[in-house]
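Here the structure comes first, spelled out in structure tokens, and everything after it is commentary.
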Amino acid sequence: MAQPRLRKPEMYVGFQGGIMASTVLFNPSVGNMSPITNGCILGGHGGFVFRYSEQKCCAIQVELNYMARGWREKGAATETTSAVDYTRMLHYLELPFLMHIYFGKQTWRGFVNVGPQIGYCVYDEGGKGEQSTTAVHQYRELDNPFDWGIAGGLGFYCRTKNAGLYQFEARFSYSFGTLYSNKTADHFSQSNPMNLSLNIAWLWEVKK
């Protein structure tokens, strides 16, 4: 009751999309994924955005996204053959619940997004290219298609009078859920995905 409220609540709906660099943090480590740039793979993502605010400088943002993420193992070249990377792409439906903190004037605003997210792997491409090791631990089917973690982003947006709101955001997310079982008898103690994405969104204000 003590929080300063907006004179008129703000509600936005729209679409977003962008590119994503992703990898998986394995422990024990997987060969040919170090440095981290060797383990990153580029993918895309897109989805729907809903944002609602009654409080000054603070809002709730919920998204439903499709994303393609995974990891890469750098191939090794020989005298007779060129290097062929191994790539594993996983396709997820993701549902982030974010606190949206904004600052600035009515037209131009900066913002911070932070909050939890859940997801589910709806399709696994199974891997392409040459397997870089003789071990099969990271090449088998996933044990845990369900994913959960935390995300945080920084960005800015511009509100127009009649053409909606245009938004740019850089976001990092880390999964606490593991791709493979991490019990004492299992090979991996960690197999946690992490992503860095650049997003562009187009939102429209829903007025009473």
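Everything numeric in this text was worked out from a predicted model, so none of it was measured.
At distances below 3.5 Å, at least one donor-acceptor pair connects side-chain atoms of Trp202 with backbone N or O atoms of Ala163. Between the Arg72 side chain and the Asn38 main chain, a donor and an acceptor come within less than 3.5 Å of each other. In this structure, Asp124 contributes its side chain and Gly126 its backbone to a donor-acceptor pair below 3.5 Å. A donor-acceptor contact shorter than 3.5 Å links the side chain of Ser22 to the backbone of Gly70.
Clustering ILVMFWY residues whenever any of their side-chain heavy atoms sit less than 4.5 angstrom apart, transitively, puts Leu95 in the very cluster that holds Ile150. When the side chains of ILVMFWY residues are joined at heavy-atom separations under 4.5 Å, either directly or via intervening members, Trp108 and Leu165 end up in two distinct hydrophobic clusters. Cluster annotation: Val13 and Tyr52 are assigned to the same hydrophobic cluster (Ile/Leu/Val/Met/Phe/Trp/Tyr, side-chain heavy-atom contacts under 4.5 Å, transitive). Following chains of ILVMFWY side-chain contacts shorter than 4.5 Å, one can reach Ile36 starting from Phe172, so the two form part of one hydrophobic cluster. Trp148 and Leu64 fall within a single hydrophobic cluster, where Ile, Leu, Val, Met, Phe, Trp and Tyr side chains are chained together by heavy-atom contacts under 4.5 Å.
Closest non-hydrogen pair, Arg109 versus Gly104, comes out as CG-C, 4.3 Å. Minimum heavy-atom separation, Trp71 to Ile41: N-CG2, 3.6 Å. Closest non-hydrogen pair, Ser53 versus Ala59, comes out as CB-CB, 3.4 Å. Across all their heavy atoms, Gly177 and Pro193 have their closest contact at O-CD, 3.7 Å.
No side-chain heavy atom of Leu42 sits less than 4.5 Å from a side-chain heavy atom of Ile19. Looking at heavy atoms from C-beta onward, Glu130 lies out of side-chain contact with Tyr86 at the 4.5 angstrom threshold. The closest side-chain heavy-atom distance from Arg88 to Leu179 is not below 4.5 Å. Counting only heavy atoms from C-beta outward, the side chains of Arg69 and Ser175 approach each other to under 4.5 Å. Under the 4.5 Å side-chain criterion, counting only non-hydrogen atoms from C-beta, Met89 is not in contact with Thr87. At least one side-chain heavy atom of Phe48 sits less than 4.5 Å from a side-chain heavy atom of Phe15. At least one side-chain heavy atom of Arg171 sits less than 4.5 Å from a side-chain heavy atom of Leu98. Residues Asp186 and Tyr180 are not in side-chain contact: their nearest non-hydrogen atoms beyond the backbone lie 4.5 Å or more apart.
Donor-acceptor pairing under 3.5 Å is lacking for the side chains of Ser197 and Asn195. With no hydrogens or angles considered, a side-chain donor-acceptor pair links His91 and Glu125 at under 3.5 Å. For the residue pair Tyr139/Glu73, the side-chain donor-acceptor check at 3.5 Å is satisfied.
A cation-pi arrangement is present between Arg51 and Tyr157, with the terminal nitrogen or guanidinium carbon under 6.0 Å from the aromatic centre and inside a 45° cone about the axis.
Within the model, atoms OG1 of Thr160 and CD of Glu205 stand 10.5 Å from one another, a figure rounded to the nearest 0.5 Å. Here the OG1-CG distance, from Thr23 to Asn192, works out to 11.0 Å after rounding to the nearest 0.5 Å. Rounding to the nearest 0.5 angstrom, the gap separating the OG1 atom in Thr178 from the CG atom in Asp143 is 8.0 Å. Here CG of Asn199 is found 7.5 Å from CE of Met20. Values are rounded to the nearest 0.5 Å. We find the CG-CD1 distance between Leu154 and Ile101 to be 10.5 Å, quoted to the nearest 0.5 Å. The CD atom of Gln190 lies 11.0 Å from the OG atom of Ser29; values are rounded to the nearest 0.5 Å.
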Checklist entry - Under the side-chain hydrogen bond (donor to acceptor under 3.5 Å, both in side chains) criterion, do Glu10 and Tyr102 qualify, and how do the steps go? => result CA-CA 13 Å; Glu10 295 180 0; Tyr102 61 89; 4.6 Å; no
Next on the checklist: Using the rule given for side chain to side chain contact (heavy atoms under 4.5 Å, CB included), can you reason through Gln167 versus Tyr12, listing the C-alpha separation, both sets of side-chain angles and the distance that settles it, and then say yes or no?
Outcome noted: CA-CA 12 Å; Gln167 174 176 295; Tyr12 290 90; over 6 Å; no
Next on the checklist: With side chain to side chain contact (heavy atoms under 4.5 Å, CB included) as the criterion, how do Leu93 and Tyr66 come out once you've worked through the C-alpha distance, each side chain's angles and the decisive distance to 0.1 Å?
Outcome noted: CA-CA 5 Å; Leu93 286 179; Tyr66 161 83; 4.3 Å; yes
Next on the checklist: Walk me through whether Phe176 and Tyr174 qualify under ring-ring contact (aromatic ring centres under 6.0 Å, His included).
Outcome noted: CA-CA 7 Å; Phe176 296 122; Tyr174 180 82; 5.7 Å; yes
Item to check | Leu142 vs Leu90, side chain to side chain contact (heavy atoms under 4.5 Å, CB included): CA-CA, chis, key distance, verdict | outcome: CA-CA 10 Å; Leu142 302 183; Leu90 309 172; 4.0 Å; yes
Item to check | Pair Val49-Gln61, side chain to side chain contact (heavy atoms under 4.5 Å, CB included): steps then yes or no | outcome: CA-CA 7 Å; Val49 181; Gln61 182 166 307; 3.9 Å; yes
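A 6.0 Å sphere centred on CD1 of Ile60 holds no more than 12 heavy atoms belonging to other residues, nucleotides or ligands. More than 12 heavy-atom neighbours from other residues, nucleotides or ligands sit within 6.0 angstrom of CG on Leu198. Atom CD1 of Ile200 has 12 or fewer heavy atoms from other residues, nucleotides or ligands within 6.0 Å.
Taking the six-membered ring where the residue is Trp, Phe26 and Phe188 present tilted rings, their angle falling between 30° and 60°.
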Name every donor-acceptor pair, under 3.5 Å, that has one atom in a side chain of residues 112-120 and the other anywhere in the protein, sequence neighbours excluded.
unit_1	atom_1	unit_2	atom_2	d
Asn113	OD1	His100	ND1	2.8
Asn113	ND2	Glu169	OE2	3.2
Gln117	NE2	Glu94	OE2	3.2

